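Down below is the structure, laid out as structure tokens.
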2 protein chains.
Amino acid sequence: MAKREKTIKIEPIGEVRNDFKEEIPEGYENLPSEIVIKEEYSEALYHIEENSHIMVLFWMDRVEGRRRKKMRIHPKGRKDLPLMGVLATRTPNRPNPIGVRAVRLIEKEKNILKVEGLDALNGSPVLDIKPYSIKHDFVEDAKPPWWVKHLWDKKE
Amino acid sequence: MAKREKTIKIEPIGEVRNDFKEEIPEGYENLPSEIVIKEEYSEALYHIEENSHIMVLFWMDRVEGRRRKKMRIHPKGRKDLPLMGVLATRTPNRPNPIGVRAVRLIEKEKNILKVEGLDALNGSPVLDIKPYSIKHDFVEDAKPPWWVKHLWDKKE
């Protein structure tokens with residue numbers, strides 16, 4: 001694996017603006033955020049508003065080094081949930097804290113995308129934006145582990 | 001935006017192994033790949049096999065600099081499809097060529113994940129792995145642009 005084993009350098013294409021200063025609030029699914037794309041990439045957004053939903057890739061820059069070294073966790077910090085590898089959960093505490101979220105695209109205004117449902121903190125660097133694809137991103141027969149179903153059934 | 005305007009350095013957590021040397025073949029949706037996770041992260045995969053599907057984030061390292069500077073394209077290089085901003089398409093020719101794909105997880109063997117449906121070239125660095133979440137990644141009411149529907153109807 002040695003040949004390709006090198007650091008990848010990524011320049012963000014923009015950043016998130018919202019009211020989430022320290023943590024993601026309950027009900028973020030219906031709360032607005034703006035994605036401010038650098039002006040040099042404005043043209044790359046051409047016709048993006050034809051999509052009802054987009055996928056946002058962002059860097060969770062508030063996750064410090066020590067939290068990136070954890071290997072196993074109890075999801076949501078709950079001891080009643082089974083111990084899982086971090087890559088088997090959606091915790092931000094992962095080796096490369098890249099967030100991926102499908103959000104509703106409300107409006108485009110020049111280089112600013114107004115969206116709803118983003119779970120990124122204010123100021124998070126944005127790495128990429130993609131149109132949500134029903135063909136590729138929509139997996140109807142996906143089955144989660146039992147404890148995830150359990151949480152949903154109890155609406156936790 | 002100046003304060004956070006800095007390069008993000010990412011160390012891959014593994015790499016893709018498959019038979020796709022130069023391009024993604026037709027029918028890749030049913031073809032196998034292996035994701036070889038670095039041994040130091042083996043433990044972070046604990047219990048991942050409880051998920052039927054995972055999301056793979058990978059770096060499309062064969063996309064050279066000049067292809068990352070394009071702003072608008074005709075999807076699939078087809079002049080009969082409307083000109084779109086690159087961020088409004090799933091082209092690999094984007095400022096930060098990060099691939100995101102939901103794949104079927106067939107088997108885990110130590111630090112190797114056998115999957116089906118990955119559209120990454122052999123040797124692509126893997127940045128992150130997440131369990132597919134029906135709650136977050138499944139957007140039932142997503143609507144694509146007219147020309148995407150048109151391609152699907154014609155099965156192109």
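In what follows, every chain begins at residue 1, and chains take the letters A, B, ... in the order their sequences are listed. Note that the coordinates shown come from a computational prediction; the quantities given were computed from them, not determined experimentally.
Aromatic ring orientation, B:Phe138 versus A:Phe138: parallel (interplanar angle below 30°, classes split at 30° and 60°).
A:His53 NE2 to B:Asp141 CG: the interatomic distance, rounded to the nearest 0.5 Å, is 4.5 Å. We find the CE-CG distance between A:Met84 and B:Asn51 to be 6.0 Å, quoted to the nearest 0.5 Å. To the nearest 0.5 angstrom, A:Ile48 atom CD1 is 6.0 Å from B:Leu87 atom CG. The line from CZ of A:Arg94 to CG of B:Leu127 is 11.5 Å long, rounded to the nearest 0.5 Å. Taking CE of A:Met71 as the start and OH of B:Tyr41 as the end, the distance is 6.0 Å to the nearest 0.5 Å.
Other residues, nucleotides and ligands contribute only 12 or fewer heavy atoms inside 6.0 Å of the CD atom of B:Glu39. Residue B:Lys149 places its NZ atom among more than 12 non-hydrogen atoms of other residues, nucleotides or ligands, all under 6.0 Å distant. Crowding of B:Glu22 atom CD: a count of heavy atoms from other residues, nucleotides or ligands under 6.0 Å not exceeding 12. No more than 12 heavy atoms of other residues, nucleotides or ligands lie within 6.0 Å of NZ in B:Lys9, so this atom counts as exposed by the packing criterion. Counting heavy-atom neighbours within 6.0 Å of B:Lys76 NZ, excluding the residue itself, gives a total of 12 or less.
The hydrophobic clustering, which links ILVMFWY residues whose side-chain heavy atoms are closer than 4.5 Å, places B:Ile54 and A:Ile73 together. Residues B:Ile8 and A:Phe58 do not share a hydrophobic cluster, defined by chaining ILVMFWY side chains whose heavy atoms lie under 4.5 Å apart. A:Ile24 is connected to A:Leu31 through a chain of hydrophobic side-chain contacts under 4.5 Å among Ile, Leu, Val, Met, Phe, Trp and Tyr, so both are in one cluster. Residue A:Val86 is grouped with residue B:Val126 when hydrophobic side chains (ILVMFWY) are merged at heavy-atom distances under 4.5 angstrom, including chains of intermediate members. Taken together through direct or relayed side-chain contacts under 4.5 Å among Ile, Leu, Val, Met, Phe, Trp and Tyr, A:Val56 and A:Ile134 form parts of separate hydrophobic clusters.
The contact between A:Ser133 and chain B is made by backbone and side chain atoms together, counting heavy-atom distances below 4.5 Å. For A:Leu57, the part sitting under 4.5 Å from any heavy atom of chain B is the side chain, from C-beta outward, and nothing else. Neither the backbone nor the side chain of A:Asp119 comes within contact range of chain B; no heavy atom of the residue lies under 4.5 Å from a heavy atom of that chain. Contacts of A:Glu29 with chain B are absent, with no heavy-atom separation under 4.5 Å from either backbone or side chain.
Contact tally against chain B (heavy-atom pairs below 4.5 Å) for A:Leu83, A:Leu105, A:Thr91: the top residue is A:Leu83. Counting heavy-atom pairs closer than 4.5 Å to chain A, the top-ranked of the candidates B:Pro82, B:Gly117, B:Pro95 is B:Pro95. Chain A forms more heavy-atom pairs under 4.5 Å with one residue of B:His47, B:Lys135, B:Glu49, B:Met55 than with any other, namely B:Lys135. No other option in A:Ser42, A:Ala88, A:Pro144 has as many heavy-atom pairs under 4.5 Å with chain B as A:Ala88.
Side-chain atoms of A:His136 and B:Arg101 include a donor-acceptor pair closer than 3.5 Å.
For the pair A:Lys130 (side chain) and B:Ile98 (backbone), a donor-acceptor distance under 3.5 Å is present. A donor-acceptor contact shorter than 3.5 Å is absent between the side chain of A:Lys70 and the backbone of B:Ala44. For the pair A:Tyr132 (side chain) and B:Val139 (backbone), a donor-acceptor distance under 3.5 Å is present. No donor-acceptor pair under 3.5 Å is formed between the side chain of A:Arg104 and the backbone N or O of B:Ala142. Under the 3.5 Å distance criterion, the side-chain polar atoms of B:Arg72 are left unmatched by any main-chain donor or acceptor of A:Leu45.
Of all non-hydrogen atoms in B:Thr89 and A:Pro131, the two that sit nearest each other are O-CD, 3.4 Å. Residues B:Trp59 and A:Ile10 come closest through the heavy atom pair CZ3-CD1, 3.6 Å.
With respect to A:Arg90 and B:Asp137, a salt bridge is recorded, a charged nitrogen being found less than 4.0 Å from a carboxylate O.
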